[in-house]
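Encoded as structure tokens, the structure appears first; notes follow it.
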Amino acid sequence: MPIETSCFDNLPDPRGSNARYPLNDVLFITLCAVISGAEDCSDMALFARSKADFLGRFLSLPHGTPSHDTFSRVFRYLDPKAFHEQFLTFMPDFAAQLKGVAAVDGKSLRRAYDHVDGQSPLRLVNVWAVEQRLVLGQLLVDEKSNEIQAVPDILEWLSLTDVTITADAMHC
């Protein structure tokens, strides 16, 4: 699979003109770091430092790798709606390149039942790329619905081709 480093080129950069790192580079490093297990800005900076040689093959890093403060600043000022829209255009293109098996499964957040208000736990449908060990997408299941109705929506959104889809018996 070719490495795409321009996936967020159309996202407006909220930082000033004196930013040392292009927004696309920071977000590309973030994407790689999160796929590798990073959970916060310090993890992202550590990932960038430890993979600087690898990242240097795809990105221009004249100032070295971004610090945790840079990652924090980007996420503090980034417009979440604009990022969401750009990410929604990126993920189907990314998923279209995958081959192999994708597992579809519904999940309820454990111990998330609200006893005070009597509300059921948050329910999600996940699509997991088995060979890549990567969640391709998640969709919140509507309160008045179930995962059977949500699965076709997420599969249509991802536009998976030449992929074997597995699901539990509920979907037969």
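Remember, predicted model here, so these are calculated numbers, not experimental data. This chain uses plain numbering: 1 for the first residue, then up along the sequence.
The two residues Ile154 and Val125 come nearest to each other via the heavy atoms CD1-O, 3.9 Å. Closest heavy-atom contact between Thr65 and Ala52: CG2-CB, 3.9 Å. A pairwise comparison of heavy atoms in Val127 and Ala102 identifies CG1-CB, 4.0 Å as the closest pair. Contact record, Ala150 with Val141: CB-CG2, 4.1 Å, taken as the closest heavy-atom pair. The two atoms that bring Ala45 and Ser67 nearest to each other are CB-C, 3.8 Å, heavy atoms only. Heavy-atom minimum distance, Ala48 versus Pro66: CB-CD, 4.5 Å.
From Glu85, atom CD reaches atom CG of Asn10 across 11.5 Å, with rounding to the nearest 0.5 Å. For the atom pair OG of Ser36 and CG of Leu46, the computed distance is 11.0 Å after rounding to the nearest 0.5 Å. Put simply, CG on Leu27 and CE on Met44 are 9.5 Å apart, with the number rounded to the nearest 0.5 Å. Within the model, atoms CG of Asp43 and OG of Ser50 stand 10.5 Å from one another, a figure rounded to the nearest 0.5 Å. A distance of 8.0 Å separates CZ of Phe58 from SG of Cys32, quoted to the nearest 0.5 Å. With values rounded to the nearest 0.5 angstrom, Asn126 atom CG is found 7.0 Å from Asp105 atom CG.
Between the side chain of Tyr21 and the main chain of His63, a donor-acceptor pair closer than 3.5 Å is present.
No path of Ile, Leu, Val, Met, Phe, Trp and Tyr side chains, each step under 4.5 Å between heavy atoms, connects Tyr77 with Phe71, placing them in separate hydrophobic clusters.
Between Thr166 and Val130 there is no side-chain heavy-atom pair separated by less than 4.5 Å. Within the 4.5 Å cutoff, side-chain heavy atoms of Phe28 are placed close to those of Leu55.
Counting heavy-atom neighbours within 6.0 Å of His84 NE2, excluding the residue itself, gives a total of 12 or less. Heavy atoms of other residues, nucleotides or ligands lying less than 6.0 angstrom from CD of Glu131 number more than 12.
Note: Phe87 and Phe83 have parallel aromatic rings, judged against thresholds of 30 and 60 degrees for the angle between ring planes.
Judged as a ring pair (Phe, Tyr, Trp, His ring centres under 6.0 Å), and not counting sequence neighbours, Phe75 has no contacts.
With respect to the salt-bridge test (charged N to carboxylate O, under 4.0 angstrom), the residues Arg15 and Asp13 qualify.
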Exercise for the section: For Val34 and Phe47, run side-chain contact (heavy atoms from CB on, under 4.5 Å): C-alpha distance rounded to whole Å, both residues' side-chain angles, the deciding distance at 0.1 Å, then the answer. Expected result: CA-CA 9 Å; Val34 168; Phe47 173 86; over 6 Å; no

